[in-house]
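Since the structure comes first, as structure tokens, the remarks are kept for the end.
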Amino acid sequence: MYEPIRTKSVHRMADDDHDTFPHRSREEELDIQLAGHLSALLAVTDELGDPAAERIARQVARLRGAPPARHAGLTGAGPSSLHRRAHALAGRALVVAASRADTAAAILAAERMDAHAAALGEDSLVGAP
């Protein structure tokens, strides 16, 4: 009675093209995000001349599979500004590390937060941007 459909419909679902471009898993996305936060922390830590930079660089290398590019330029910011920035970056890294259950990165980020808070004094971080 009816002719069977021999061609593809012009009305397709959006999911039909899901194999045409690469997808990353949630773990891969979190790895990329954590490596980014730790890389930013590494740049600030290098500028401060903190020896903890080597530990951060090892974590970035572990996450990215290659050693990180090290920050060569200086921002000219004062030490308190750099410590505030590093504290905030370490906090972001801690949140992502906890989300992906990366104990080593979470411990490192928490230690860096403590170190930068101590360098500033605990009260100076209240209300910091």
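Numbering starts at 1 and runs along the sequence shown.
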- Note on the structure: Taken to the nearest 0.5 Å, the spacing of Asp46 CG from Leu82 CG works out to 11.5 Å
- Query: Under the side-chain hydrogen bond (donor to acceptor under 3.5 Å, both in side chains) test, which residues partner Asp31, sequence neighbours left out?
  - Reply: Arg100
- Note on the structure: Ser99 meets the side-chain hydrogen bond (donor to acceptor under 3.5 Å, both in side chains) criterion, sequence neighbours left out, with Arg26
Residues 32-42, side-chain donor-acceptor partners within the protein, below 3.5 Å, at least two apart:
unit_1	atom_1	unit_2	atom_2	d
Ser39	OG	Ala35	O	2.8
Ser39	OG	Arg64	NH1	3.2
Ser39	OG	Arg64	NH2	3.3

- Please identify each residue that fulfils salt bridge (Lys or Arg N to Asp or Glu O under 4.0 Å) with Glu28, with sequence neighbours left out. none
- Message: So if I apply the side chain to side chain contact (heavy atoms under 4.5 Å, CB included) rule between Val44 and each of Arg84, Arg85, His83, which one comes out positive?
- Response: Arg85
- Query: Residues in side chain to side chain contact (heavy atoms under 4.5 Å, CB included) with Glu29, at least two apart?
  - Reply: Arg24
Report all side-chain donor-acceptor pairs from residues 105-113 shorter than 3.5 Å, counting only partners two or more places apart or in another chain.
unit_1	atom_1	unit_2	atom_2	d
Glu111	OE1	Arg55	NH1	3.0
Glu111	OE1	Arg55	NH2	2.6
Arg112	NH2	Asp50	OD2	2.5

